[in-house]
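Whatever order the structure lists ligands and atoms in, that order sets their numbers, starting from 1. On a predicted model such as this, the values are computed, not experimentally measured, just so you know.
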Amino acid sequence: MKGKIIIISAPSGCGKSTIINALLKQGDIDMQFSISATNRSPREGEQDGVNYYFLTDEEFNDAIAKDAFVEYEEVYPGRYYGTLKREISRITDEGHNVILDIDVKGGVNVKKLYGQAAVSIFIQPPSIGELRARLEGRNTDSKEAIEQRVGKAEYEISFAPQFDFVVVNDELNKAVTEVGDTIKRFIAD
Ligand code: 5GP
């Protein structure tokens with residue numbers, strides 16, 4: 001049997017990656033992380049083929065031309081991210097479920113494509129102020145980048161009603177449990 005698709009979307013800095021990593025580490029759900037392709041540069045500690053497939057602009061455009069993506073988005077100006085068809089099939093063809101960490105537009109698009117075979121979960125920050133504080137706390141982005149992300153988050157939150165489930169991340173452990181339970185119910189269906 002083919003694996004199912006689990007879509008996790010959120011404005012950046014809402015703890016989405018932390019939640020996904022916590023669930024993968026717990027290891028009680030049969031699911032593998034879908035490694036996206038991007039043309040952005042690796043951050044410190046990020047590895048090619050682990051966090052992302054880091055492509056040059058040319059390689060990314062080539063993948064678009066070859067219709068290699070399920071979906072792709074220009075998430076920030078000039079910075080593209082996309083889910084590769086062969087990445088999804090690599091995991092689901094073996095019967096494993098796949099978990100996608102993608103932006104809200106990508107999340108809505110993938111849900112439309114896969115319908116009942118996919119569940120889409122939106123992680124919502126408790127407030128915009130809290131989100132700004134978290135982005136500042138993680139110390140990976142410049143002041144301009146943080147303002148850009150906060151502005152974008154306000155827009156992205158308007159997509160929440162298009163998702164199957166919304167989980168507010170006001171307390172990390174609670175959010176991890178809630179997302180995990182939602183995934184388990186979906187897989188068992
Ligand atoms: P970051 O640069 O912080 O790793 O990611 C920025 C944003 O790109 C995050 O919201 C992340 O979910 C999104 N993203 C990562 N991979 C994909 C993808 O394959 N498709 C889409 N549409 N967005 C992605």
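Residues that satisfy the salt bridge (Lys or Arg N to Asp or Glu O under 4.0 Å) test with E74, not counting sequence neighbours, are absent from this structure. The salt bridge (Lys or Arg N to Asp or Glu O under 4.0 Å) check on R138 picks up D141, with sequence neighbours excluded.
Two rings, from F60 and Y53, have their centers 6.0 Å or more apart.
Protein residues having a heavy atom under 4.0 Å from any atom of ligand 1 are K16, S36, R40, R43, Y52, E71, E73, V75, Y76, Y81, G82, T83, D101, I102, D103, G106, R149, listed by chain and number.
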Could you go through residues 18-31 and list every donor-acceptor pair under 3.5 Å that involves a side-chain atom there, pairing it with any protein atom two or more places apart or in another chain?
residue: N21; atom: ND2; partner: S17; partner atom: O; Å: 3.2
residue: D28; atom: OD2; partner: K184; partner atom: NZ; Å: 3.0
residue: D30; atom: OD1; partner: H96; partner atom: ND1; Å: 3.0

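Classified by interplanar angle (parallel below 30°, tilted 30° to 60°, perpendicular above 60°), the ring pair Y155/F159 is perpendicular.
Figure legend: cation-pi geometry between K152 and Y76, with NZ or CZ positioned under 6.0 Å from the six-membered ring centre and within 45° of its axis.
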